[in-house]
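Position 1 is the first residue of the sequence; numbering continues from there. Indexing begins at 1, ligand by ligand and atom by atom, following the structure's order.
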Amino acid sequence: MFIEGVQCSSSPWWSARSSRLLGGVHGPAGVRGAGRGVGDPRVPGDGPAGEIVSPSEDPQLPQETVVDFYKSMTLFNTMDRILYEFSGRITFYATNFGEEGTHIGSVAALDPTDLVFGQYREAGVLLYRGFPLDLFMAQCYSSADDLGKGRQMPVHYGSKDLNFVTISSTLATQIPQGGGRCRVAIKRASSDRAVICYFGEGRQRGRRHAGLHFSATLECPIIFFCRNNGYAISTPTSEQYRGDGIAGRGAGYGIASIRVDGNDVFAVYNVTKEARRRAVAENRPFLIEAMTYRVGHHSTSDDSSTYRSLDEVSYWEKQDHPIGRLGRYLAARGWWGEEEEQAWRKEAQRRVMEALQKAEEAQAPPRPALHRRVPGGAPAPGEAEGSHVEALEGVQRALPPGALRGVTRATR
Ligand SMILES: Cc1ncc(C[n+]2csc(CCOP(=O)(O)OP(=O)(O)O)c2C)c(N)n1
Ligand SMILES: [Mg+2]
């Protein structure tokens, strides 16, 4: 399944059949290929919608599990939609539209004790592990219930209980950190835990290189999971890199790699399961490049209509969406019908709105909490708690209105 050694660009990185399982992708070549390098696993006309095109690779998950995938993906999508609509109340938000299959397929293949290092667009992983909607909302609203007490921008979640390391805004810090964490804690304790490290395909200023290189030489049981969603803010992949995408870089580090159809939740599940099994058994890293598409704008600070066409977005939204593809699979088996769909959509909306309402009504965190456990932020000996906050308020008063747009509620 994983490809070893050096491959030339025309080689079938994706030839392992489980890199693409769910049929029903009929994309126009121009959009499909959009600067993604060779070996995109999605091939037009690869089988009837909702059918497994490679039965021998079918993970044969039970109905209950597949319905749970679908419910997680749709609940997550609902949360994104509502938080995006309310983003004016929380200063910032980044949706995950179109990438739900990469999150749910990968996390479902892991052990709950495996440690997750994310970028910022992997909230579905946390949702699947059981992070409550209330805590998602509390984080985005920087309320007193937020585990981080409002010290982070919205969508920078973290959960010690769910083995999800708090997100850092600085791109790619999680890549060397993930490798280091593996080496120091997991390997030394000779446990069978693995680490998964998610990142985007965007340029990573050398930290990706350091992380991949040291994880390979230090023999770390880590899964590097690249969500190749076609864009880094406004920069398309055609301008991001040369050569064979991200999977093509693995061979240079001696890391077995695979490219997978990221909108095919079963294919993502299969490759992640196999990568995890081998990472732990062989003490070595694996690299997965999941080809997907960022259907939403980069974040609330972006308007993607200025750099891509509505037709392009519409194709991914309507024809090659991971939720639509899984829905067709469920329908083809008679596991989920129109009635269940209507009831569940209503229920998902109700759950999200209830959690949001709680966050709307919650108090802000106590002010002194703001500079506790922040490097350099603790009051100096003898200094009264709160003096940092007073100093910040002085700065705020001196600035023109609106100058601190984007600063979270707790600091205002
Ligand atoms: C070190 C650093 N440089 C620049 C940025 C600004 N920035 C935030 S997201 C982003 C693009 C990342 O694209 P990608 O890795 O493809 O992830 P995606 O947003 O597509 O999920 C950039 C340049 C940053 N946060 N950190
Ligand atoms: Mg990207």
Per residue E201, nearest N, O or S atom to the Mg ion (ligand 2) is named OE1

Could you tell me whether I233 and ligand 1 have an N or O pair separated by under 3.5 Å?
no

Here the atoms of ligand 1 under 4.0 Å from any heavy atom belonging to E201 are 15 (O), 16 (O)

- Task: Apply side chain to side chain contact (heavy atoms under 4.5 Å, CB included) to the pair I104 and L326, showing each step before the final yes or no.
- Result: CA-CA 12 Å; I104 305 305; L326 186 60; over 6 Å; no

| So, T237 and the Mg ion (ligand 2): N/O/S under 2.8 Å, yes or no? | no

For this session: Give yes if a backbone or side-chain nitrogen or oxygen of N229 is under 3.5 Å from a nitrogen or oxygen of ligand 1, and no if not.
Result: yes

With heavy atoms and a 4.0 Å threshold, my read on which part of Y231 contacts ligand 1 is backbone

Going by the 4.0 angstrom heavy-atom rule, the piece of R121 near ligand 1 is side chain

| message | What I want to know is whether R227 and ligand 1 share at least one N or O pair that is separated by under 3.5 angstrom. | response | yes

Checking R276, R129, R193 against D114 for side-chain hydrogen bond (donor to acceptor under 3.5 Å, both in side chains), the one that qualifies is R276

Considering both backbone and side-chain atoms of G202, is one of its nitrogen or oxygen atoms within less than 3.5 Å of a nitrogen or oxygen in ligand 1?
yes

So for R294 against ligand 1, with non-hydrogen atoms under 4.0 Å, the contacting part is neither

In ligand 1, the atoms that come under 4.0 Å of a heavy atom of H298 are 9 (S), 19 (O)

Using 4.0 Å as the upper bound for N to carboxylate O, is an ion pair formed by D145 and K358? no

* **Side-chain donor-acceptor pair present, N263, T292, cut-off under 3.5 Å** => yes

Q) Is E354 salt-bridged to R351, going by a charged N under 4.0 Å from an acidic O? A) no

Honestly, for A94 the part within reach of ligand 1 (heavy atoms, under 4.0 Å) is neither

Whether the E289 and N228 side chains hold a donor-acceptor pair (N or O, under 3.5 Å, no angle test) is what I'd like checked. yes

Practice item. Cation-pi check, R181 to F117: give yes when NZ or CZ is under 6.0 Å from the six-membered ring centre and within 45° of the ring axis, no otherwise. Key: no

